[in-house]
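Read the structure below first, then the notes.
Numbering starts at 1 and runs along the sequence shown. Order of appearance sets the numbers: ligands from 1, and atoms from 1 within every ligand. Predicted model only: the values in this text are computed from it and were never measured.
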Amino acid sequence: MFKKFLNRREQEEAVRSMNRLPPGQSLTQKFPVLHYGPTPQYPDLSHWSLRIFGLVEEEKVWRWDEFMALPRTQVLMDIHCVTRWSKFDTLWEGVSLKTLVDEGLVRPRPEARHIIQHCEYGYTTNTPLDFLLADNVLLATHFDGQPLEPDHGYPLRVVVGSFADRREQESKYFWKGGKWLRALEFRAEDQPGFWERNGYHNNADPWTEERFGRWGGY
Ligand SMILES: Nc1nc2c(c(=O)[nH]1)N[C@H]1C(S)=C(S)[C@@H](COP(=O)(O)O)O[C@H]1N2
Ligand SMILES: [Mo]
């Protein structure tokens, strides 16, 4: 969408004037890598599965080929990291949880209110169920037309972002997207995840700068 000849500063001014740059953020043309701990290696995906458990009518375990056969979606979003970089017009492809619910492939129980993303090595992050059902959230296998790179979450991660033309839609900082996702747990009560227990804000709205806070010291 941006003219590629604009430099970083000029691109940043462009998104700022379009009201797409949250407060305290700056535009990056790179794709920084941020996580705690090592990057999991998958020599092949024969042992990989995604599990849907907790307050659902029927638990699911999808192998890789089964997951790849689910209905797929593409999403173009702006992403905002709490470490103050934002990246614009990022293109993701994968599976929308909303689609899975709409098609009856995942059936949350009426008591389900929150979802915990469980990732390799025990990383977790939490959001309300309603948020994960929005269309600015995707279980992504591809970025920019290519399978995810190992450091960015191969083979599957959650991505959360903002739409260029829907500033009012609720969004979250990028840490609310777990890389190397292995399970979604549906729960009645909230439970702070890894960064949330380590001082990050539970709600994580980039537009109101919910960076640190609510569970601090938890
Ligand atoms: N499994 C896992 N997912 C994670 C993290 C992590 O430590 N482990 N860090 C989060 C944080 S803090 C950020 S900012 C984003 C960074 O994603 P990126 O490395 O693709 O930019 O991943 C999030 N997902
Ligand atoms: Mo982060």
> Among Thr125, Thr28, Leu34, which one has a heavy atom closest to atom 16 (C) of ligand 1?
Replying inline: Leu34
> Got the closest protein heavy atom to atom 7 (O) of ligand 1, with its distance?
Replying inline: Tyr36 N, 2.8 Å
> Would you say the side-chain atoms of Gln169 pair up with the backbone N or O of Arg166, donor to acceptor, closer than 3.5 Å?
Replying inline: no
> So which heavy atom in the protein is nearest atom 3 (N) of ligand 1, and how far is it from that ligand atom?
Replying inline: Lys179 N, 2.9 Å
> Is there side-chain contact between Asp89 and Met77, with heavy atoms separated by less than 4.5 Å?
Replying inline: no
>> So Val82 and Trp195, do their side chains get closer than 4.5 Å, heavy atoms only?
In response: no
>> Checking a contact table here: which protein heavy atom is nearest atom 10 (C) of ligand 1, and how many Å away?
In response: Tyr123 OH, 3.5 Å
> Quick one: does Tyr42's side chain get under 4.5 Å of Trp180's, heavy atoms only?
Replying inline: yes
> So, do Val101 and Pro108 sit near enough that their side-chain heavy atoms are less than 4.5 Å apart?
Replying inline: yes
> Which of the atoms in ligand 1, numbered in the order shown and given with their element, are less than 4.0 Å from a heavy-atom of Arg157?
Replying inline: 15 (C), 17 (O), 18 (P), 20 (O), 22 (O)
> If hydrogens are left out, which of Gly177, Cys81, Cys119 has an atom nearest to atom 14 (S) of ligand 1, that is, the closest non-hydrogen atom?
Replying inline: Cys81
> What pairs of residues pass the ring pair (Phe, Tyr, Trp, His ring centres under 6.0 Å) test when at least one of them lies in residues 90-111, not counting sequence neighbours?
Replying inline: Trp92-Phe143
>> Keeping Lys179 on the side-chain end and Asp151 on the backbone end, is there a donor-acceptor pair under 3.5 Å?
In response: yes
>> With a heavy-atom distance limit of 4.0 Å, tell me whether Trp85 approaches ligand 1 through its side chain, its backbone, both, or neither.
In response: side chain
>> At under 4.0 Å between heavy atoms, is it the side chain or the backbone of Trp175 that contacts ligand 1, or both, or neither?
In response: both
>> Just to check, does Tyr200 reach to within less than 4.0 Å of ligand 1 when the distance is taken from its heavy atoms?
In response: no
> Counting only heavy atoms, which portion of Trp195 has something under 4.0 Å from ligand 1: side chain, backbone, both, or neither?
Replying inline: side chain
> Got an N/O contact under 3.5 Å between His152 and ligand 1?
Replying inline: yes
> Does an N or O from Glu120, backbone or side chain, lie closer than 3.5 Å to an N or O of ligand 1?
Replying inline: no
> Judged by atom type as modelled, is there a donor-acceptor pair below 3.5 Å linking the side chain of Arg113 to the main-chain atoms of Leu129?
Replying inline: no
> Going by the atom numbers of ligand 1, which of them fall below 4.0 Å from some non-hydrogen atom of Gly178?
Replying inline: 3 (N), 24 (N)
>> Under 4.0 Å, heavy-atom basis, I'd like to know which part of Phe31 is in contact with ligand 1: side chain, backbone, both or neither.
In response: side chain
> Hey, which atoms in ligand 1 end up nearer than 4.0 Å to a heavy atom of Pro32?
Replying inline: 18 (P), 19 (O), 21 (O)
> Is Val33 close to ligand 1, meaning an N/O of one under 3.5 Å from an N/O of the other?
Replying inline: no
>> Salt bridge check, Lys176 against Glu196: does any charged N sit closer than 4.0 Å to a carboxylate O?
In response: yes
Just distance, no hydrogens or angles: give the donor-acceptor pairs under 3.5 Å from side chains in residues 52-60, sequence neighbours left out.
residue: Lys60; atom: NZ; partner: Leu105; partner atom: O; Å: 3.2

